Structures are given as structure tokens and as C-alpha cells.
Amino acid sequence: MKNQTAVTGLHHITAIASDPRQNLDFYTRVLGLRFVKKSVNQDDPGTYHLYYGDYDASPGTILTFFPWAGLRRGRPGTGQAYATAFSVPASSLAFWKARFEQLNVDHNSIEKRFGDEVIAFGDPDGLRLELVATREPDARPATPSKDVPAAYAIRGFHSSTLALSNARATAAVLTENMGYTLVASDGHRTRYAAGEGGPGTYVDLLTDPELPRGLSGAGTIHHVAFRVPNDATEVAAREQLLAAGLSVSPVIDRAYFKSIYYREPAGVLFEIATDGPGFAIDETLEELGTKLGLPPHLEIHRAQIEAALPKLD
Ligand code: ZN
């Protein structure tokens, strides 16, 4: 049965890091993203949850981290969201390659993927990142940055690549239960798009037999969140996934959005999150990232939580 699930693309992607200061410096200064929310891990309020994105903290631009100082590195591999790609303007990779060389960012040479130029690089924990200089239109605005000129700036996510030993069951969930369609295939990589397609909607399934089994730890992805427009589409998506036999969490209020969680058949943790209400609910758009955001049940412990968290500057 074909579905009506209105997943419109990627919402946010959450990864695991070690040192929070090093993480903040890399994503804001090196990559030129905006620090849009400083919060805590709701399951471990002594540690941060850090969010980076565009100026407006738009869904489809948000990369978030749970940083634990001293945490050992994981191993990117199968059974994980393996690489996270950002969209940058066509012809911008020469700038980025020179920047990575100047700042000693670990990176590969420029390659071609589905006709676009791609450069793969790593963050300080070895998280696998990519910049896709796409020929497709991407009207999303550049994030203002004193370090990265607007002509080269990241526009938001391009795609998430899942590494799988066998893609069949995952592809079925994407296409039969989440509204994705197959758009391209090349070698071990198959691309799926949500909604209208374009940068920010893609999921690539990679079945490279050379890849090891992934192990969780610093420098690996924790989960991939997809976006839906509102609460009603979230509830409809949940009902459809349940009807397909997946084990899906209840709707959880994350303050900035409402979420459901489930594991796709290869074990990657998926989330579906609402576009609203967004990140400007507990601080103004101008102030984003400056005040510690806490869920209501932790607000009474604010003083203790703030005192226990490491300083970021
Ligand atoms: Zn999430």
C-alpha cells in the first residue's frame, strides 16, 4: 500500500562528540555555521546538547551534538548513518579545499557523485562530513559568518548517507512507509528523495562491502531526523509506521519540535520531527545560542545544571 506520509526532507541530524569547546569552534569558525541552541542532554543533564544551523535555525540545516569530554571514538560503518553532507554553491570547493589545508582539517580530494563535486572531510572527532557543490538550485540563504564568505557558505543539509550491509529492507521503509522515491543509482550508492527532491531531501543508501560494522562513540551519528510540517502529519506518519509493523515511540515534546523515534530494519535510529514551533521560543532570533535552554522539568535545577556544565568560551 502506498503511503500518504508527508516527510518533506531532513530535519536535523544528531551526532556524538568529545570535547564541547573543540566542537563549538569547528562548526562555528571552521564551517561558518551559527550556534543556534545551547541545551542539555535530557537523559544526562550534566552534559550539553549543542545545535548548529543557519541564521533562522531552519529545519533541514540543524546538526546537533551530544559532547562527552574524553569519550572514546566510535567507528563509522554499516548499521549507521555514515556520512552527513551539506549543500554549498557550485564552484565553491576550491575555497573549501584551501580552507581545509590552511586549518589542517582532514579531507579527501574532490570526487564526482551523481554529476556534483563532493569533498569529504572529518571533524575533530573523525565524524564523516561532506560538502556537495551541487548544480541543483538551492535557494536557502547563506548563514552570515565572519569566517566564511556568503558565496561559499553552507546552505543546509544536502543528504544523509546510511551504510548498510543489505539495503533492501531499509529501502522498503523509505519508499513504502516514508514517501521517498528512488532517484539515482551508481555502484554501491542509491539515492532516494522526499517530496519535491533537491538538496536537503536526499538519503543515500551505501552498500560498500569494504565497510566495517559501525561502532557507536565520538565521531559517529546518533540519529537522523526527518521533517513533517505539523502535528497532524506527525500523528499520521506514526500510525502508518505502526501499521507497517515498526516499533515507534509515542509523540515526545522536545520543546522546539515534537518527535517520534523508531529503528529502521538495519538498525539506524530514525526520528520524525515537526517543523514547528522552532528554536526561537525561549530566546529571540537574535539571541539564539546565548542562553542555556532547559525543558520545563529541569528549569528548577537551572543553577546547579549551569554550575556543573563546562564553560564553552
Ligand atoms: Zn533528534
Side-chain angles (χ1 to χ4, degrees), residues 5 7-17 20 23 27 33-45 47-54 56-68 74 79-86 123 125 127 129 156-157 159-162 173-174 178 194 200-201 203 214 216-231 233-235 237-238 241 246-264 267-282 288-289 293-295 297-298:
T5 303
V7 167
T8 55
L10 297 166
H11 184 287
H12 67 271
I13 295 176
T14 295
I16 303 168
N23 182 263
Y27 287 94
L33 298 178
R34 186 178 188 201
F35 184 33
V36 294
K37 189 62 67 178
K38 176 170 62 173
S39 187
V40 294
N41 182 338
Q42 293 190 21
D43 300 319
D44 182 9
T47 61
Y48 282 114
H49 191 182
L50 306 178
Y51 297 69
Y52 310 102
D54 71 354
D56 292 330
S58 311
T61 73
I62 307 292
L63 183 59
T64 96
F65 289 89
F66 295 129
W68 282 280
Q80 291 177 339
Y82 179 70
T84 300
F86 295 103
D123 86 351
D125 291 306
L127 185 73
L129 301 166
F157 291 128
S159 48
S160 174
T161 295
L162 313 185
V173 168
L174 287 170
M178 295 173 66
T201 72
V203 173
S216 175
T220 62
I221 300 290
H222 187 269
H223 64 268
V224 176
F226 300 87
R227 59 191 289 195
V228 287
N230 53 46
D231 291 3
T233 45
E234 171 102 304
V235 168
R238 181 170 185 273
L241 292 161
L246 288 153
S247 176
V248 188
S249 79
V251 175
I252 298 173
D253 188 348
R254 294 299 191 194
Y256 310 117
F257 40 83
K258 288 182 184 159
S259 297
I260 57 172
Y261 300 86
Y262 54 104
R263 283 194 193 275
E264 57 78 38
V268 182
L269 184 59
F270 279 3
E271 173 181 351
I272 293 179
T274 54
D275 280 354
F279 291 90
I281 55 165
D282 53 3
L288 286 183
L294 291 177
H297 71 280
L298 291 176

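Start at 1 and go down the list; that is how both ligands and their atoms are numbered. Keep in mind it's a predicted model, so treat the numbers as computed, not measured.
Of all protein N/O/S atoms, those under 2.8 Å from the Zn ion (ligand 1) are H12 NE2, H223 NE2, E271 OE1, and waters are not counted.
Residues passing the side chain to side chain contact (heavy atoms under 4.5 Å, CB included) test with P295 are Q42, H297, L298, sequence neighbours excluded. Under the salt bridge (Lys or Arg N to Asp or Glu O under 4.0 Å) criterion, D54 pairs with no residue at all, not counting sequence neighbours. For Y48, there are no ring-ring contact (aromatic ring centres under 6.0 Å, His included) partners, not counting sequence neighbours.
Between the side chains of D44 and W68, at least one donor N or O lies within less than 3.5 Å of an accepting N or O. Judged purely by distance below 3.5 Å, without hydrogens or angles, the side chains of T274 and E234 never pair a donor atom with an acceptor atom.
A perpendicular orientation is assigned to the rings of F270 and F226, their planes being inclined by more than 60° (bins at 30° and 60°).
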